[in-house]
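The shown structure was predicted, so the numbers you read here are calculated from the model rather than taken from an experiment.
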Protein chains: 2
Amino acid sequence: MDVALLHAFVQVSEIGSISEAAPALGYSQPGLSQRIQTLERRLGCRLFERGPLGVRLTDRGEAVLPYARIMIGVADALRAEARRD
Amino acid sequence: MDVALLHAFVQVSEIGSISEAAPALGYSQPGLSQRIQTLERRLGCRLFERGPLGVRLTDRGEAVLPYARIMIGVADALRAEARRD
DNA sequence: TTCATTTACGAATAGCGTAAGGATG
DNA sequence: CATCCTTACGCTATTCGTAAATGAA
């Protein structure tokens, strides 16, 4: 479970579009699409419904989202703790 | 920030030995040693003091440990949420 | 010498970008 | 046909195990 994948997930869910989120995350559009697929494969469930106007969270995606946000927050705190003087 | 790395970190800290923790995690001993080094490099701090009788947490390692445990717990909850019916 | 970790190195794997493909309005 | 997302493919970087090296008691 890589926090970078969760970060991509959260960003895409907020923007509602892979192609739009990609540059914001520093990825190419297909690269980000692959990342989302990797996350879905690892979790064993579909997080987004795809459409020609972007993506939308599935119910499962909605359920997972808050946990992803918590993971990102704790990861930040962990890193901060590691670098404290 | 990969939760698998944190899992290795916690396990090694509990067992107090890389060589002993390795089989429990399904890794070779050098493989686990490399994993710990990878985590330390990514966090930018040393987590263990190495000795000829095993390893011991540094102060920084002690500080990071509870966050690692939280990460693992939240990751489990996230996965459970993803697979719920 | 024994038991611990690290380093070296080669093979397999994963990650990412470019280019092409498919689908929908 | 314009705009999404996906697939294909190649290259690079990461990962992990085996073997050799290092260090301390």
Side-chain angles (χ1 to χ4, degrees), chain A residues 1-62 64-65 68 71-72 75 79 82, chain B residues 1-62 64-65 68 71-72 75 79 82:
Chain A
M1 184 65 47
D2 185 1
V3 174
L5 290 179
L6 300 177
H7 193 73
F9 166 55
V10 171
Q11 190 95 355
V12 170
S13 75
E14 287 174 350
I15 293 180
S17 157
I18 292 178
S19 54
E20 213 175 319
L25 289 164
Y27 288 107
S28 69
Q29 184 275 324
L32 181 55
S33 177
Q34 291 165 11
R35 262 177 113 73
I36 297 295
Q37 290 176 55
T38 296
L39 180 60
E40 290 180 322
R41 186 168 2 98
R42 296 210 181 140
L43 291 179
C45 73
R46 184 154 283 258
L47 298 168
F48 292 109
E49 284 166 5
R50 277 79 167 170
L53 13 62
V55 298
R56 208 184 54 192
L57 282 171
T58 60
D59 290 351
R60 197 56 58 93
E62 292 275 12
V64 167
L65 185 56
M71 288 283 290
I72 293 169
R79 271 188 290 264
Chain B
M1 182 65 47
D2 183 2
V3 173
L5 291 178
L6 299 177
H7 193 73
F9 165 55
V10 170
Q11 190 96 355
V12 170
S13 75
E14 288 175 350
I15 293 180
S17 158
I18 291 177
S19 53
E20 212 175 321
L25 289 163
Y27 288 108
S28 70
Q29 184 276 326
L32 181 55
S33 177
Q34 290 165 10
R35 260 174 114 75
I36 297 295
Q37 290 176 56
T38 297
L39 179 61
E40 290 180 322
R41 186 168 3 98
R42 297 213 180 135
L43 291 178
C45 74
R46 183 153 285 257
L47 298 169
F48 292 109
E49 286 166 3
R50 277 79 166 170
L53 13 64
V55 298
R56 208 184 55 193
L57 282 171
T58 60
D59 290 351
R60 195 56 57 92
E62 292 276 12
V64 167
L65 185 57
M71 287 284 289
I72 292 169
R79 271 187 291 263

**Prompt:** Can you name the side chain to side chain contact (heavy atoms under 4.5 Å, CB included) partners of B:Glu62, sequence neighbours left out?
**Reply:** B:Leu57

**Asked** Which heavy atom in A:Ala68 sits nearest to a heavy atom in A:Val10, and how many Å separate them?
**Response** CB-CG2, 3.9 Å

**Request:** Check salt bridge (Lys or Arg N to Asp or Glu O under 4.0 Å) between A:Arg46 and all other residues, then give those that pass, not counting sequence neighbours.
**Result:** none

**Item:** A:Arg79: salt bridge (Lys or Arg N to Asp or Glu O under 4.0 Å) partners, not counting sequence neighbours
**Value:** A:Asp76

**Request:** Would you give a per-nucleotide map of nucleotides 2-18 of chain D, 5' to 3', where B means the base has a protein non-hydrogen atom under 4.0 Å away, S means only the sugar-phosphate does, and - means neither?
**Result:** --SBBBB------SBBB

**Asked** Cut-off 3.5 Å, side chains only: do A:Ser33 and A:Gln37 have a donor facing an acceptor?
**Response** yes

**Message:** At a heavy-atom distance below 4.0 Å, which nucleotide of DNA chain C is the first touched by chain A, and which is the last?
**Reply:** C:dG15 to C:dT24

**Asked** Are any side-chain N or O atoms of B:Glu20 and backbone N or O atoms of B:Gly54, one a donor and one an acceptor, separated by less than 3.5 Å?
**Response** no

**side chain to side chain donor-acceptor pair (under 3.5 Å) partners for A:Gln29, two or more places apart** = none

